[in-house]
Amino acid sequence: MKMKLEVSFASLTFYCVLLSCVFAAWNTKDYLKREHSVVKPYQASGISIPFWDFTGSVMITNSHIRLTPDLQSKTGAIWNNVPCMVKNWELQVHFKIYGKGKDLYGDGMAIWYAKQPLTPGTVFGSMDYFHGLGIFLDTYANQNGPHNHGHPYISATVNNGTLHYDHDRDGTHTELAGCEAKFRNLDHDTHLSIRYERDVLTVSTDIEGKNAWQECFTVKGVRLPTGYYFGASATTGELSDNHDIISIRLYELEVPDEKEEEDRSKIAPAAAFFAPPRDHVDDPPPPMSGTKLFLIIVCALLGVCVCVIGGVMVFQRSQDSSRKRLY
C-alpha cells in the first residue's frame, strides 16, 4: 500500500509538472518573443541571423555581434525584420562598449524602436528625424555649454519625424530624460532594460556586476505605436570604440484587465513632455586655460619690450643726427 501511494504521488507530481509546462508553453503573455530576440548561437547558415538584418561594419562572431570595431569612421547596425505588434513589452540588451582610449573615446550606441529600419544616418549610425523611440548610450561629450552632464550618458527621445538630434548639444534639447552611467570598459557584464508598460517608459541598468536592475529614469505619458521595428546601431568618428551586442531579448508583459481602446498601429509617437523643435544655438567658447593665458601675457610683454627698445633706439639715433648737424 505504501509503495502504491509513493508511485501515485510521483505520478501526480510528474503530471503537475507536465501540465505546468504545457500551460507555460501556451501562455502568450510575459514570455520571450523569439522573433524579436537574438541570442547565441547567432548564425543559422553562413552569416545570416534569423529575423534580423544588418548593415555597415557589423561583424558576427561566436561570442558577440560587433557593430563597430575600435577604428575611426565606422558605422554598423542590426535590425529586426519582423514588426512588433506587442503593446506592453520589456527589451533586455546585453552589451559591451570598450576600447583602447582612456580619456577620449566615442561615439556611442543607440537602441531603437522605430518605423524606418536599416536607414543609415547621423544619429549613432541611424537616421535623423525618425519615427519612434531612441535610447542613446552616448560616450563622448560634444557640448561645453550650460547643459553639460557627465559621460557616458543614457537618454531617451520620442520622435514623430519632426525633431532633429543636435549632436553639438548631445541631444539635450529633445531628450525625455537621462542619467549618467559608467558602462564603458568594465570587466563584468553590462545590461540595459527598456520597459514599456501602460504608456510608462522605464530604463534601468545592470552595470555594477550585482545582477540587479537599477533604475535610470521613468517617463510617463509615452505613446508608442505597434508595428515598429527594434534595432541597434553604433558609430565612430575621429574617436572610436568597440560596440558589441551579446544578446537582445524581448518579453511580452502580462497586463491584467487592460481594455483595448484604440488601434495602436495608427497612432503617432508622442510623449507628455514632447519637446518642440529648437533652433541650434552655438555653445559659448570654452574658458581659456591657464597655460594659454600665461603664453599670451608673455607674448604681450615681449611685444611691449620690443616696442620700447625700438623706440629708444630710434630716439637715440635722432638725437645723434641732431648733434652732428649742430657741429
Side-chain angles (χ1 to χ4, degrees), residues 32-84 86 89-101 105-127 130 132-140 152 154 183-194 205-207 228-237 239-251:
L32 180 68
K33 305 289 285 185
R34 297 190 179 276
E35 67 272 24
H36 302 301
S37 304
V38 55
V39 296
K40 294 185 287 187
Y42 308 115
Q43 297 168 249
S45 61
I47 58 173
S48 65
I49 302 178
F51 309 119
W52 292 81
D53 298 319
F54 51 90
T55 183
S57 59
V58 172
M59 180 176 64
I60 304 171
T61 72
N62 293 328
S63 59
H64 58 259
I65 300 170
R66 177 153 296 167
L67 302 178
T68 73
D70 191 1
L71 298 172
Q72 294 179 335
S73 303
K74 298 294 183 181
T75 296
I78 179 169
W79 283 90
N80 190 206
N81 55 31
V82 179
C84 179
V86 176
W89 46 263
E90 180 174 352
L91 191 73
Q92 296 182 5
V93 183
H94 183 188
F95 70 98
K96 189 173 182 64
I97 299 177
Y98 67 101
K100 297 178 182 178
Y105 40 81
D107 287 334
M109 182 171 71
I111 308 300
W112 301 96
Y113 177 65
K115 184 179 181 180
Q116 307 94 338
L118 284 172
T119 307
T122 58
V123 185
F124 297 96
S126 192
M127 69 175 293
F130 62 94
L133 170 70
I135 305 294
F136 306 126
L137 288 72
D138 194 351
T139 55
Y140 179 70
I154 300 175
F183 52 74
R184 184 183 177 274
N185 264 7
L186 298 178
D187 294 331
H188 50 264
D189 290 341
T190 50
H191 301 263
L192 180 73
S193 167
I194 306 167
T205 60
D206 176 12
I207 58 176
Y228 281 17
Y229 299 85
F230 291 104
S233 66
T235 188
T236 65
L239 304 175
S240 62
D241 254 340
N242 296 301
H243 298 91
D244 295 349
I245 295 290
I246 290 88
S247 68
I248 297 176
R249 290 180 169 90
L250 181 78
Y251 296 90

*Does E90 reach the side chain of S193, with side-chain heavy atoms less than 4.5 Å apart?*
yes
*Check whether any side-chain N or O of K96 sits under 3.5 Å from a backbone N or O of L186 as a donor-acceptor pair, and report yes or no.*
yes
*Between F95 and F183, what is the ring plane arrangement, given parallel below 30°, perpendicular above 60°, and tilted in between?*
perpendicular
_Test ring pair (Phe, Tyr, Trp, His ring centres under 6.0 Å) applied to Y98 - qualifying residues, sequence neighbours left out_ = none
*To the nearest 0.5 angstrom, please state how far the CZ atom of R66 sits from the CD1 atom of I246.*
9.5 Å
*State, yes or no, whether a side-chain contact exists between F51 and N81 at a heavy-atom distance under 4.5 Å.*
yes
*Taking the six-membered ring for Trp, are the ring centroids of W112 and F130 within less than 6.0 Å of each other?*
yes
*Please tell me if the side chains of N80 and I248 come closer than 4.5 Å, counting only heavy atoms from C-beta onward.*
no
_Side chain proximity check, F54 to L67, heavy atoms < 4.5 angstrom_ = no
*Using atom types as modelled and distance alone, determine if a side-chain donor or acceptor of S37 lies under 3.5 Å from a backbone N or O of L250.*
yes
*Are D241 and M109 close enough, and set up right, to give a side chain to side chain contact (heavy atoms under 4.5 Å, CB included), and what steps lead you there?*
CA-CA 10 Å; D241 254 340; M109 182 171 71; over 6 Å; no
*asked:* Surrounding NZ of K74 (heavy atoms of other residues, nucleotides or ligands, distance under 6.0 Å), is the total greater than 12?
replied: no
*asked:* I need the minimum non-hydrogen distance between L133 and W89, along with the two atoms involved.
replied: CD2-CH2, 4.3 Å
*Give a yes or no answer on whether the side chain of T139 reaches the backbone of D107 with a donor-acceptor pair at less than 3.5 Å.*
yes
_Rounded distance [0.5 Å steps], OH in Y140 versus OG in S240_ = 12.5 Å
*With distance as the sole test, does T235 use its side chain to make a donor-acceptor pair with the main-chain N or O of T75 at under 3.5 Å?*
no
*Should Y228 and P83 count as side-chain neighbours, where that means a heavy-atom distance under 4.5 Å?*
no
*asked:* Donor-acceptor check, side chain of T236 to backbone of L71, threshold 3.5 angstrom: yes or no?
replied: yes
*Stepwise side chain to side chain contact (heavy atoms under 4.5 Å, CB included) test for H36 and V82*: CA-CA 7 Å; H36 302 301; V82 179; 3.7 Å; yes
*Are any non-hydrogen side-chain atoms of V39 and H94 less than 4.5 angstrom apart?*
no
*Can I135 and L91 be said to form a side chain to side chain contact (heavy atoms under 4.5 Å, CB included), step by step?*
CA-CA 11 Å; I135 305 294; L91 191 73; over 6 Å; no
